[in-house]
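Data block below; observations after.
Numbered from 1 within each chain, the chains take letters A, B, ... in sequence-line order.
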There are 2 protein chains.
Amino acid sequence: MKTTTLPLFDRPEGMTTHDYAFARLRQAIMVGSFRPGTSVTIRGLAEALESSPTPVREALRQLTSIGALQFLENRRIVVPRITPARFEELISLRIALESHAARRAVAHLSERQIERIAAIDDSIEDEINRGDQVAALIANQAFHRTIYTANPDQIVMPLIESVWLQLGPILGIAMEHVSELYVVDRHREAIEALRRRDEDAVADAIAADIREGIGGFDQQAVAHLLKLAA
Amino acid sequence: MKTTTLPLFDRPEGMTTHDYAFARLRQAIMVGSFRPGTSVTIRGLAEALESSPTPVREALRQLTSIGALQFLENRRIVVPRITPARFEELISLRIALESHAARRAVAHLSERQIERIAAIDDSIEDEINRGDQVAALIANQAFHRTIYTANPDQIVMPLIESVWLQLGPILGIAMEHVSELYVVDRHREAIEALRRRDEDAVADAIAADIREGIGGFDQQAVAHLLKLAA
DNA sequence: TTTGCAAAAATGTGATCACAAAATGAGATT
DNA sequence: AATCTCATTTTGTGATCACATTTTTGCAAA
């Protein structure tokens with residue numbers, strides 16, 4: 001029996017067992033803690049989370065709704081496998097969704113919020129220098145999320161996070177094989193564009209950031225990574 | 001006690017109770033059977049579906065993951081309310097997602113598939129003439145879905161359907177107050193563009209279809225509808 | 001060593017129950 | 001008539017169990 005390693009996660013007071021299980025598993029998948037093809041069991045996770053099947057099953061069901069997991073025909077629960085074509089599809093979706101979200105956030109961002117975003121960008125570099133890949137990844141997600149969620153009535157963030165979740169497993173593999181995370185410096189560009197309230201430039205910077213970051217892996221590189229992981 | 005009316009739905013052999021509950025409720029919300037703000041109960045639905053709380057609760061949890069329902073702080077389960085701003089957000093997301101999906105589907109569509117799409121378009125008009133709004137709506141969704149899912153490795157369809165689900169409740173209200181469903185004839189335009197393999201023209205036609213169809217309701221019209229429904 | 005098959009274990013599913021929290025309603029008070 | 005209080009009911013939560021299916025294991029035959 002292999003013990004499933006889950007990232008640490010403080011359980012806030014009053015959080016239901018189900019919500020805790022969901023948040024914990026979601027976070028684990030998002031930062032690449034599970035490899036593609038990994039299979040999980042309800043009872044196994046219930047034990048790892050010190051609870052019972054019912055809330056865990058609900059959490060797993062929710063995770064399948066957002067593409068983070070898959071219930072197979074034979075009732076097995078697995079982390080979806082990634083193909084180069086699927087990867088390309090995910091990246092192009094990220095670009096479409098996030099340029100859209102970024103463009104529509106511009107008008108809602110205050111000067112103060114933009115400074116906060118710049119601070120988050122600085123923290124990304126700090127984490128990279130400290131060699132903490134997962135922390136850098138989380139900070140990078142916070143950078144994007146903080147921009148997009150400036151728009152108060154927005155629906156798009158859950159959809160974007162669904163795509164992030166689906167990219168999580170390959171991201172985990174990439175982190176194992178890339179000695180250092182390099183972040184293309186499109187963030188500064190995006191921040192400058194935010195200050196100028198230039199919606200097109202913001203959208204372009206975000207698109208370029210994705211394309212040159214994780215999106216920079218071409219199909220061959222992804223195929224290579226998947227071969228290494230197999 | 002009010003009996004919840006759910007659209008008919010044959011239960012395929014071998015389908016689990018949970019899957020059935022999920023499909024049934026999802027379909028009901030998608031075609032506007034629930035009004036915004038409606039609250040549902042686990043036990044109530046379990047009784048209506050002749051099953052027990054466990055599978056129903058799982059289905060409800062999944063539906064919240066895709067924005068079709070909401071678990072409130074006080075543990076009440078409701079159909080999300082719509083504001084004019086949220087409505088506008090949903091429409092702009094539909095345009096972004098569906099133009100993207102349509103563009104990327106073009107290369108995968110065979111002549112035969114395009115003819116099938118044209119046939120679906122004809123059936124929409126039939127249903128409108130027969131006065132069956134729900135059937136027309138379902139056929140319209142099939143028209144869009146058939147185009148987008150021509151791309152085999154696509155991830156976008158579940159995201160699009162999440163947006164459709166969130167538009168469902170207001171769509172139901174609109175159907176109550178609009179005597180006849182008018183469908184803008186952008187479908188022919190899209191089909192012609194598909195035949196020419198003109199990706200830009202397809203994307204434009206789909207965007208226009210959404211903008212002039214349900215997207216044609218401006219914020220005032222939506223506010224008016226919501227007032228009527230309240 | 002490999003293959004085939006039956007027993008055993010593991011696993012998802014769904015119903016049920018006890019519990020706590022929230023909502024509801026009746027009756028008293030102002 | 002309106003408001004507050006408290007008992008009752010409703011409702012979500014989570015643990016448990018029985019059942020059916022699938023997977024794994026163990027052992028014998030080729």
Check: Leu69(B) and Leu165(B) side chains under 4.5 Å, non-hydrogen atoms: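 No, side chains not in contact.
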
Flag side-chain contact, heavy atom, 4.5 Å: Met175(A) against Val134(A):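 Side-chain contact under 4.5 Å: yes.
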
Backbone N/O of Ala142(B) and side chain of Thr146(B): donor-acceptor pair under 3.5 Å: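 Yes; judged by distance alone, with no hydrogens or angles, the pair exists.
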
Summary of protein contacts for nucleotides 12-22 of chain D, nucleotide by nucleotide, where a base hit scores B, a sugar-phosphate-only hit scores S (4.0 Å, heavy atoms): BBBBB-B----

Check ion pair Arg112(B)-Glu115(B) (N to O, under 4.0 angstrom):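 Salt bridge flag = no for Glu115(B) with Arg112(B).
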
Spacing between Leu72(B) atom CG and dA23(C) atom C1', to the nearest angstrom: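 It works out to 14 Å between those atoms.
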
Taking every non-hydrogen atom, the tightest pair across Arg86(B) and Arg81(B):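 Nearest heavy atoms, Arg86(B) then Arg81(B): NE-O, 3.3 Å.
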
